[in-house]
Structures are given as structure tokens and as C-alpha cells.
Amino acid sequence: MAQRGNYEMKTLYVVELCGAFLDSKGMVSNYDLDILERLSKNGMDIVIATDRSWFEFGDMLKPEFVRIIKRVLIGTHSGFDNILLNGAWTRKSPKCISLTSQYAIAEVYDTNDIKGEIQGIKSWCASYSPLCFSNHHNDFVTWGEEGGTINQCLNQMNQEHLHIIAFTAKGTYEELLPLKKKAIQLKDVRFTFYEDKSNNNYRICIFSKKTSQGIAISKIKDELSCDRVVCISDKMYDLSMFEAADVRVAMGNADEDTKAAADIIIDSNDKSGLVKFLLEEYIKNKCIGKE
């Protein structure tokens, strides 16, 4: 925390998962994890932002690594969700896609034989339990019959009164282009569409217009009573992340658009750029006003 006189400024650090938190191999060194865990335990509020769900997260990483990341992020923001599916995934108030748009999107999947997932939330007590339905077999938790259609998955989810919060898919640019075109036409949704370096393919995530990474960041900032937000990213697939930030930080491995929009450019994810920056922030802010 930085200090102004006797007043401590509280900072929220929002870190993009792939390309910032993780290195180019999708890993974090034991040294970096140790430092991140120590910073979190010492009061640094670190939140991961991604357009992936925990299911996809688990599919990318070894189970023990997912547990380590969760432990790193248990610091002073314990009980708060990280920014998953661009902020569509939240315990307290899910932002759903309208029924009309749900079936319009499902039709594009099925007409073009696009393989993908529907992300939903089931109300349970005071929180929401995440669920995922898929029209193909995959390695993460799935409900629905293998080989079924997205429309069939959607019917099943709505019969169970689930909150539909996002549609996701991976494939080539040409395969996913029909989904992008449909998302542009629908007035109540947002979407991210970009080349996914982790599998050399493209990825799309369609979610409610009532949310975004920026909206989710602002909400967490208010709930944690933070004075400023520092966002660290490697790509600008969601501009709202930088728009919500007081300080915009680009990784050394970031694309040129992200670097151009940034206030600070740090070392790459393969050279512990994130950990070096956060350590410098911690040391600098702890020293301000204490000389």
C-alpha cells in the first residue's frame, strides 16, 4: 500500500492469466509462485482476469498447479471471485444472455458444426455453482451427451433453470467467423475473438453486454475499497480492462497495440516480468512516507 501522509492508498492488481501470470509454456516457476504467495499474504490484492472458466483453466493446467494458483490468490481478497469469462462468472449476480440471443447463437454453432461449450451457473444458497455443457467430448467437466448439438445442450440447461452466462469455442479463424458475425449483430452481447497462442488456434467468448472485465474490475475495486487499479496484460482483446485501470502495464511479450496503450512496459512472462514488477511495487509503496 502506498501512503500519503497518514493515509494508506490501497491498490488492486489485475493480472491477465495467459501471457502475464503464466509463461509461454503455461507455467509459473516455483520461485515466482513463492513470491506471489508471500505478496498476497502480506496484503497485496492480486486478481486474475481471463475469458476462460475454471473448467478450461483446469484443462490447461495440472490439478496441483490449479490448487497452487488458488492458494496464491487467497490473500486479503479472500471470498472474492477472480475475473472469469470476462466477468460473466460471479457468485453474487450472474449476468445472463437473453433467451432470444441464446438460441440465435446456438443455431450458428449447429448450422456450421462448430464445437464448443455453454457456460452456466446454478443458484445454490447464497452463491452460484458453475456448470458447463458441451456438444463434444473433452477433458474438462461436461454435462450433455457426446455428439449432441448445442441446441440440445441449451434446451437441457434451460429445463434445469440454469443462468446462461457465456458461449465459448476454439477453432480456426474461418471456423469461428460465423459466431463472430452473429455476435456483432446481437445488441445484448459482447465478445472476445483472438488468436490463442496456447494452442495456435482462435478462440471466441460471447457473454452479456451487462458485463466486461472493466465492469468486474470496478466492482471488485469498490468491494475492496481500493483507491487505484493497476492492470497488467499482454493483449488487448478486452479494452475495458485498461479503461478501468489507473495504471496500465504491458508485458514485454505483449502485442504492439497493448504496448502503445500502456503507461509502463515491463519484462516478458518468460523472464519473471510480473513478479519483478509486483516486488518493485510492494517495496516502493511500503517505503513511501516512512523515511
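Just so it is clear, the values below take in all heavy atoms, side chains as well, and ignore hydrogens, waters and symmetry mates.
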(request) Mark yes or no for whether Asp110, through its side chain, and Asn151, through its backbone, hold a donor-acceptor pair below 3.5 Å. (result) yes
(message) Within the 4.5 Å heavy-atom criterion, are Leu85 and Thr168 side-chain neighbours or not?
(response) yes
(request) Please examine the side chains of Asn269 and Leu274, heavy atoms only from C-beta on, and report whether any two atoms are closer than 4.5 Å. (result) no
(request) Calculate, to the nearest 0.5 Å, the distance between atoms CD and CZ belonging to Gln102 and Phe167 respectively. (result) 5.5 Å
(request) State, with a plain yes or no, whether a side-chain heavy atom of Ile165 is found less than 4.5 Å away from one of Lys95. (result) no
(request) Could you please spell out the steps behind the side chain to side chain contact (heavy atoms under 4.5 Å, CB included) verdict for Phe207 and Thr192? (result) CA-CA 9 Å; Phe207 50 99; Thr192 55; 4.2 Å; yes
Report all side-chain donor-acceptor pairs from residues 175-184 shorter than 3.5 Å, counting only partners two or more places apart or in another chain.
from, atom 1, to, atom 2, distance (Å)
Glu175, OE1, Thr172, N, 2.8
Glu175, OE1, Thr172, OG1, 3.4
Lys182, NZ, Gln185, OE1, 3.2

(request) Go through the steps to decide whether Cys18 and Arg52 satisfy the test side chain to side chain contact (heavy atoms under 4.5 Å, CB included), and finish with yes or no. (result) CA-CA 10 Å; Cys18 298; Arg52 302 176 192 272; 3.6 Å; yes
(message) Any non-hydrogen side-chain atom of Ile215 less than 4.5 Å from a side-chain atom of Arg190?
(response) yes
(message) Taking Ile114's backbone N and O only, do any of them form a donor-acceptor pair with Asn112's side chain (distance below 3.5 Å, no angle check)?
(response) no
(request) Could you tell me which non-hydrogen atom of Leu239 sits nearest to which non-hydrogen atom of Met236, and how far apart they are? (result) CD2-SD, 3.6 Å
(message) Could you see if Phe21 belongs to whatever hydrophobic cluster contains Ile265? Use Ile, Leu, Val, Met, Phe, Trp, Tyr and a side-chain cutoff under 4.5 Å.
(response) no
(request) Would you indicate whether the side-chain heavy atoms of Asp45 and Thr11 approach each other to under 4.5 Å? (result) no
(message) Just to verify, which of Cys205, Ser134, Cys153 counts as forming a side chain to side chain contact (heavy atoms under 4.5 Å, CB included) with Glu117?
(response) Ser134
(request) Could you tell me whether Phe193 and Tyr173 have their ring centroids closer than 6.0 angstrom? (result) yes
(message) Using a 6.0 Å cut-off, check whether atom NZ of Lys259 has over 12 heavy atoms from anything other than its own residue.
(response) yes
(request) Tell me whether Phe242 is reachable from Leu12 by hopping between hydrophobic residues (I, L, V, M, F, W, Y) whose side-chain heavy atoms are closer than 4.5 Å. (result) no
(request) Treating Ile, Leu, Val, Met, Phe, Trp and Tyr as nodes and any side-chain heavy-atom pair under 4.5 angstrom as an edge, say whether Ile164 and Phe191 lie in one connected cluster. (result) yes
(message) Could you tell me if the side chain of Val275 sits less than 4.5 Å from the side chain of Leu36, heavy atoms only?
(response) yes
(message) Between Ser101 and Ser98, do the side chains contain a donor N or O and an acceptor N or O under 3.5 Å apart?
(response) yes
(request) If a pair satisfies salt bridge (charged side-chain N to carboxylate O under 4.0 Å, His left out) and one of its residues is in residues 263-277, list it, with sequence neighbours excluded. (result) Arg248-Asp263, Asp267-Lys276
(request) For the pair Tyr103 and Asn158, evaluate side chain to side chain contact (heavy atoms under 4.5 Å, CB included) and give the outcome as yes or no after the intermediate values. (result) CA-CA 11 Å; Tyr103 281 97; Asn158 281 318; 3.4 Å; yes
